[in-house]
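Everything on this sheet refers to the single structure shown next.
Convention: sequence-line order gives letters A, B, ...; per-chain numbering from 1.
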2 protein chains.
Amino acid sequence: MSKAATVYDVADRAGVSIATVSRVLRSPDAVRPVTRERVLDAVSALGYVPSGSARGLAERRTGVLGLYFPGFDAAEEAPALDVLANIAGATPPFTIVQDETDAEGEHPSMLFLDEVLRGAELEAWKQGFVLMVGVGRHDPDRSTVRDMAGRVDGLVVLARSVPDEVLARLALRIPVVVLSGPSRGDSYDHVTVSNAEAMAELTRRVLDQTGDTPPVFLAGPDDSPDGAERWEGFSHAISEAGIRIDEVVVLRGDFTRASGRRAAEQLISDGLPTALMAANDQMALGALDAFRSAGIAVPEDLIVTGFDGIEAAALSRPRLTTVRQPMIELGRAAVQVLARRLERPDADPVAVRLPLEIVVRESSLRPS
Amino acid sequence: MSKAATVYDVADRAGVSIATVSRVLRSPDAVRPVTRERVLDAVSALGYVPSGSARGLAERRTGVLGLYFPGFDAAEEAPALDVLANIAGATPPFTIVQDETDAEGEHPSMLFLDEVLRGAELEAWKQGFVLMVGVGRHDPDRSTVRDMAGRVDGLVVLARSVPDEVLARLALRIPVVVLSGPSRGDSYDHVTVSNAEAMAELTRRVLDQTGDTPPVFLAGPDDSPDGAERWEGFSHAISEAGIRIDEVVVLRGDFTRASGRRAAEQLISDGLPTALMAANDQMALGALDAFRSAGIAVPEDLIVTGFDGIEAAALSRPRLTTVRQPMIELGRAAVQVLARRLERPDADPVAVRLPLEIVVRESSLRPS
DNA sequence: CTGAAAGCGCTAACAA
DNA sequence: TTGTTAGCGCTTTCAG
């Protein structure tokens with residue numbers, strides 16, 4: 001790690017000019033085989049690795065795509081993990097935990113982002129890009145995202161993770177794709193899902209079973225755009241069925257399992273509805289927990305539905321009816337749109353809307 | 001997105017030199033407030049975003065850390081997803097799936113990497129770095145990782161994802177941390193877990209219950225270093241108990257749930273052992289599936305254990321006894337070690353070994 | 001086929 | 001406090 005070799009070092013050693021070194025690396029065929037060999041020898045002898053910065057500067061492109069997520073809110077307080085305490089031998093190689101309690105799986109939205117990231121990764125890989133993942137800090141000026149914008153060829157941004165005016169500025173420099181959230185008539189490319197439509201359909205199906213008694217809606221935090229769209233779909237279907245919206249009981253949670261549990265407990269003491277429709281799976285699962293503890297049978301006593309299609313929803317008892325987000329596809333689509341934009345910089349902005357999948361499972365299937 | 005503004009543009013517009021522009025951005029206090037304001041105005045007026053490449057070149061550091069993973073083997077054949085087919089309105093907003101069968105959750109090692117990535121992300125965020133995630137292609141020359149190496153300040157590499165000689169060359173240019181896998185006496189920093197010791201302990205505990213009848217071992221693919229270490233721990237405990245290794249039945253799987261199921265089916269027809277110890281959770285869960293179908297009771301009829309501590313292992317019935325990898329901590333530790341190395345480039349290489357957690361659940365608790 | 005030289009956009013002495 | 005200037009390492013005409 002002394003001092004990294006540069007083109008000059010390689011050129012010297014091979015007895016050629018730096019231009020030739022560059023050629024050998026970029027277009028090998030434009031160089032006579034003997035010369036090429038000499039250069040390649042020098043390259044490996046010196047352990048030459050080209051500087052991405054220099055290359056990026058000269059080429060005016062980096063081959064890197066960026067993915068920007070909002071910050072780790074909860075994780076911020078994660079313990080400070082002191083690695084140095086674990087230098088080999090300093091700690092026992094394992095610990096033992098007896099019979100721990102049922103898994104909670106309380107990573108609210110991170111699970112979602114993990115999968116989106118995986119999809120993005122996959123598609124970036126296919127398209128020959130590397131992905132740079134940035135996580136928002138709570139800087140007033142959003143400098144992280146600006147930093148990223150300076151080092152990538154294009155940026156995928158999670159909706160509402162960046163203030164509009166900052167986004168507008170970034171878009172001046174590189175193509176930006178907005179992921180999820182409402183697709184407004186702006187000039188960015190968008191990749192979204194049809195939250196409202198799917199929730200409306202799910203609601204219709206629940207109403208088919210419950211008749212005219214409206215389900216209770218368990219909403220998310222009121223600053224969540226997804227939550228808002230889901231509510232919109234729900235209320236649309238409700239009105240459509242001729243039920244007055246103000247007859248509907250709406251409980252508010254915060255997308256965590258605990259808040260679902262609390263909501264269910266409240267219902268248990270206030271009197272059970274025919275159905276509970278939650279704005280996400282975590283809350284629905286929490287409710288399932290509470291109902292089980294109280295000896296209330298789902299779906300016999302009431303129907304429960306979720307939204308998102310997280311893995312735990314398929315593993316619960318009863319398994320949870322939900323709407324599956326195409327998380328991997330969202331990531332892939334975003335990168336694909338970005339790559340396309342890079343090729344045709346002035347095509348019209350596109351709004352890609354991926355289909356959701358309504359997954360009907362036992363939690364909503366009332367035995368007749 | 002016309003032509004991105006540069007320092008020169010900003011300087012012109014603000015009527016100052018480029019040095020002053022740079023100063024305003026790097027050390028604002030070194031500039032008279034009025035001048036600073038003028039520059040900042042020009043910056044926003046022009047939507048100036050500094051070029052990371054130029055900055056990186058001049059500063060000789062990028063503020064980016066790299067994380068390199070081996071390629072998507074299976075995913076390679078992932079469907080080619082044609083986004084353009086989904087331009088808004090072109091497809092139905094949702095589809096409906098009735099009563100799908102039990103979730104498979106067949107992302108072999110990706111789940112592991114997801115979590116490691118999340119940990120790395122978290123720590124990078126804390127330390128003020130951005131993370132660049134690269135996924136290996138099957139290039140003969142490993143150009144992806146070399147490309148990455150050229151654009152980051154330090155690199156975390158998953159063990160065995162990069163040939164030794166390539167790694168050695170990269171390490172000439174930037175610090176490298178090797179994640180997981182055996183920590184040999186090389187000059188890199190290592191972050192690993194104690195696979196063998198934990199597996200040995202788990203085996204002892206199983207033997208406590210089964211007495212001298214040796215468990216069947218369900219191994220992973222033979223090119224997996226983790227798998228090898230686990231086998232090593234298992235066989236160590238076996239010998240220690242005075243059992244001859246060649247008395248042990250070893251089945252080989254490929255870490256997938258399906259292969260676990262097949263192994264279990266074979267046992268069912270060949271005759272049940274007292275215990276089945278799998279080299280990872282996926283296979284153990286597959287075995288659980290097969291036993292359940294066959295009406296065989298776990299742990300009453302035989303004990304089953306896994307390894308890794310994936311979420312599904314906590315949600316199965318019976319819940320699976322396993323050894324939990326500190327995946328998030330692995331990612332965090334790797335980044336932390338890297339950051340530390342960046343500060344003190346010539347400290348001795350460290351080998352961090354994180355403790356595993358043996359999680360005892362019902363699948364291994366024989367009722368007495 | 002190869003070399004010379006002009007940038008790419010920014011930082012950091014060094015002067016003023 | 002501000003400006004001048006010399007790189008940082010690489011790509012890419014343009015000559016030869």
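To the nearest 0.5 Å, atoms CZ (A/Arg146) and CZ (A/Arg169) are separated by 5.0 Å. Considering CZ of A/Arg173 and CG of A/Leu155, their distance stands at 12.0 Å, rounded to 0.5 Å. In this structure, CG on B/Asp189 lies 7.0 Å from CZ on B/Arg340, to the nearest 0.5 angstrom. For the atom pair CE (A/Met132) and CG (A/Asp147), the distance works out to 8.0 Å, reported to the nearest 0.5 Å. Atom OG1 of A/Thr20 is separated from atom CZ of A/Arg32 by 10.0 Å, given to the nearest 0.5 angstrom.
A salt bridge links A/Glu59 with A/Arg26: the distance from a Lys NZ or Arg NE/NH1/NH2 to an Asp or Glu carboxylate oxygen falls below 4.0 Å. Taking 4.0 Å as the cut-off between side-chain N and carboxylate O, B/Arg160 and B/Asp223 do not count as a salt-bridged pair. Taking the charged nitrogens against the carboxylate oxygens, A/Glu121 and A/Arg332 have no contact shorter than 4.0 Å, which rules out a salt bridge.
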Sugar-phosphate or base contact per nucleotide [nucleotides 6-13 of chain C; S, B, -; heavy atom under 4.0 Å]: -BBBBBBB
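For the pair A/Arg61 CZ and D/dC10 P, the computed distance is 17 Å after rounding to whole Å. Taking atom CG of A/Asp29 as the reference point, atom P of C/dT2 lies 12 Å away to the nearest angstrom. As rounded to whole Å, 15 Å separates atom P of C/dC1 from atom CD of A/Glu37.
Helix-axis bend for the helix from C/dC1-D/dG16 to C/dA16-D/dT1: the local axis fitted to the five terminal pairs at one end deviates from that at the other end by 30°, rounded to 10°.
Residue B/Thr20 places no side-chain N or O under 4.0 Å from the OP1 or OP2 atom of D/dT1.
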